[in-house]
Amino acid sequence: MPELPEVEVVRRGLQGPLAGLGLRRVERLRADLRYPLPDMDAALAGRRLAAVRRRAKYLLFDFGETWLAWHLGMTGQFHVLPAVAPAGPHEHVRLLFEGGVSLRYRDARRFGYAGILPARGWTEHPWFAGLGPEPLEPGFSPATLERAFASRRAPVKQALMDARVVVGVGNIYACEALFRARIHPARPACRIGRARIGRLHAAVVAVLSEAIEAGGSSISDFLRADGRPGYFAHAFRVYGRAGAPCVDCGRLIRRIVQAGRATFYCPHCQR
DNA sequence: CTGAAGACCTGCCTGC
DNA sequence: TGCAGGCAGGTCTTCA
C-alpha cells in the first residue's frame, strides 16, 4: 500500500485521536506478520502514547522511554475504532487504549512488521541505521542527490528508490517524479547532469507534498485511519497509464519492468 | 562493493 | 461460472 505520503497521512490520522491516551492492553490475534511480533503488551501496557511520529515509511509510536516501530508493508492498515467494534477482515493486532478507544491493525498480505525500540538510540536499530535523508526535510538537497548518484551505474529509477539515497520514494512516486523531471527512468544515475538533478529534486519534493495534501493515493486498499480513501491517484500522470496518451505530448505511455518492478514513462518527454 | 532476482503472502483482475 | 495466471505500493536475503 504505502509510500511516504500514505504513511504520513496515516500518522496524522492517528496522532489526533490517540496522542495522550494511556494504553491498557495489547492483543495479538496471531504470533507473527512478516516477522514474529514482539510482546507489545509486556513492553507497553500502562504507558501513555505521547505522539505518533514517522521516519521513512515507519510509524513510530512514542510511549516515552519505549517506542513501538511499525512498517505497513504493502497492505497494512490502521483503524481507530471503539474497543467493542467487531474484528475486521485480516485483523491481527489490537491496541486497547483508555476511554474505550482501540487501534486495529489489518494486513491481508502480512508483509508488515513491528518492533519495540528504546527511545534512546532507536536510530541505531538496523531498520534505521542506514537510511538516507527525509525527502521533505532540509537534509535532502540537490547536492545530496548528486553525491549519491555520482558512483551509481544503476538506472536512476532504482537509485531514487534506494532508501540509502533518500527515504520514502517508492515505485509510484519514483515514476511520477521522473516524469515531472523529464528524465528517462532507465538512464544510469551517474549520467544525469547537475541541472537535471536539480529538476529531479524539485519534482520529488513537489509530488510527495502534493500527495500528502491530497490525502495519499488509494490504489487498491489504502485507507486513512478514519476509513476515508486518498485522492492523489487521480493525479497520476504516468503510473498505471500504459497505453494512454501522455498528458503533455499525447504519445502513448509505456510500461517496462526494471528490477522486477513496473515502470511507466513517456518515451517522448523523458530522456 | 554493486546490481539483479527471488522470497515473503493474499486478493483481485483478466482471459480462456 | 470456474480456474489458471499475472499482478500488486516494500523490504530483506541471496547470488553473481
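Below, all heavy atoms of this structure are taken into account, side chains as well, without hydrogens, waters or symmetry copies. Below, chains carry the letters A, B, ... as their sequence lines are ordered, and counting in each starts from 1.
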Polar atom pairs between nucleotides 14-16 of chain B and protein, under 3.5 Å, N or O only, would you list them?
none

Whenever both distances are under 3.5 Å in a Watson-Crick or G-U wobble pair, mark it; put DNA chain B into dot-bracket that way, with [ ] for crossing pairs and | when the partner is on another strand. .|||||||.|||||||
Find every protein N or O atom lying less than 3.5 Å from an N or O atom of nucleotides 12-16 of chain C, and list the pairs.
unit_1	atom_1	unit_2	atom_2	d
C/dC12	O4'	A/Arg34	NH2	2.8

Expressed as a whole number of angstroms, how long is the span from [X]:[atom1] to [N]:[atom2]?
X: A/Met161; N: B/dA4; atom1: CE; atom2: P; answer: 12 Å
X: A/Arg109; N: C/dA8; atom1: CZ; atom2: P; answer: 10 Å
X: A/Arg261; N: B/dG6; atom1: CZ; atom2: C1'; answer: 13 Å
X: A/Leu33; N: B/dC9; atom1: CG; atom2: C1'; answer: 11 Å
X: A/Gln258; N: C/dC7; atom1: CD; atom2: C1'; answer: 17 Å

Please work out if A/Ala262 contacts a base, only the sugar-phosphate, or nothing of the nucleic acid, heavy-atom cut-off 4.0 Å.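 Sugar-phosphate, no base atom in range.
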Select base, sugar-phosphate, or nothing to describe what A/Gly170 touches, counting heavy atoms under 4.0 Å on all strands.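 The residue A/Gly170 makes sugar-phosphate contact but no base contact.
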Is [Y] paired with [X] through a side-chain N to carboxylate O contact shorter than 4.0 Å?
X: A/Arg54; Y: A/Glu134; value: yes
X: A/Glu91; Y: A/Arg30; value: no
X: A/Glu98; Y: A/Arg25; value: no

Do [X] and [Y] make a side-chain contact, defined as non-hydrogen atoms from C-beta onward lying under 4.5 Å apart?
X: A/Pro185; Y: A/Gln258; value: yes
X: A/Leu49; Y: A/Leu23; value: no
X: A/Phe128; Y: A/Leu60; value: yes

Contact list please: residues 141-155 of chain A against DNA chain B, heavy atoms, distance less than 4.0 Å, in numerical order.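 Output list: A/Arg152, A/Arg153, A/Ala154.
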Count the heavy atoms belonging to other residues, nucleotides or ligands that lie under 6.0 Å from CD of A/Glu213, then report whether that count exceeds 12.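 Result for CD/A/Glu213: open.
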Not counting sequence neighbours, which residues clear ring pair (Phe, Tyr, Trp, His ring centres under 6.0 Å) with A/His125? List them please.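 By the ring pair (Phe, Tyr, Trp, His ring centres under 6.0 Å) rule, A/His125 matches A/Trp127.
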Tell me whether [X] contacts the main-chain N or O of [Y] through its side chain, where contact means a donor paired with an acceptor under 3.5 Å.
X: A/Asp32; Y: A/Tyr35; value: no
X: A/Glu6; Y: A/Gly216; value: no
X: A/Ser102; Y: A/Arg94; value: no
X: A/Thr75; Y: A/Asp107; value: no

Which of these passes side-chain hydrogen bond (donor to acceptor under 3.5 Å, both in side chains) with A/Ser217: A/Tyr239, A/Tyr173, A/Tyr231?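 Exactly one pass, corresponding to A/Tyr173.
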Using OP1 and OP2 only, check whether a side-chain N or O of A/Arg106 sits under 4.0 Å from B/dG11.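 No, A/Arg106 has no side-chain N/O under 4.0 Å of OP1/OP2 on B/dG11.
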Does the side chain of A/His71 get closer than 4.0 angstrom to OP1 or OP2 of C/dG10 through an N or O atom?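 For C/dG10, neither OP1 nor OP2 has a side-chain N or O of A/His71 closer than 4.0 Å.
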Whole-angstrom distance between B/dC12 and C/dT11, as gauged at atom P: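 Here B/dC12 and C/dT11 have their P atoms 23 Å from each other.
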If we require ring centres under 5.5 Å and near-parallel planes under 30°, does A/Phe111 stack on B/dC8?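 Taking the rule of under 5.5 Å and under 30°, the ring of A/Phe111 does stack on B/dC8.
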Using the closest heavy atom to pick a nucleotide of DNA chain B for each, name whichever of A/Ala259 or A/Arg164 lands nearer the 5' end.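 This one resolves to A/Arg164.
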Counting only side-chain heavy atoms from C-beta out, which of C/dC7, B/dA4, B/dT10 sits nearest to A/Arg110?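 Taking heavy atoms from C-beta onward, the closest nucleotide is B/dT10.
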Sequence-distant partners of A/Ala154, side chain to side chain contact (heavy atoms under 4.5 Å, CB included), two or more places apart: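 Once residues adjacent in sequence are excluded, A/Ala154 has no partner under the side chain to side chain contact (heavy atoms under 4.5 Å, CB included) criterion.
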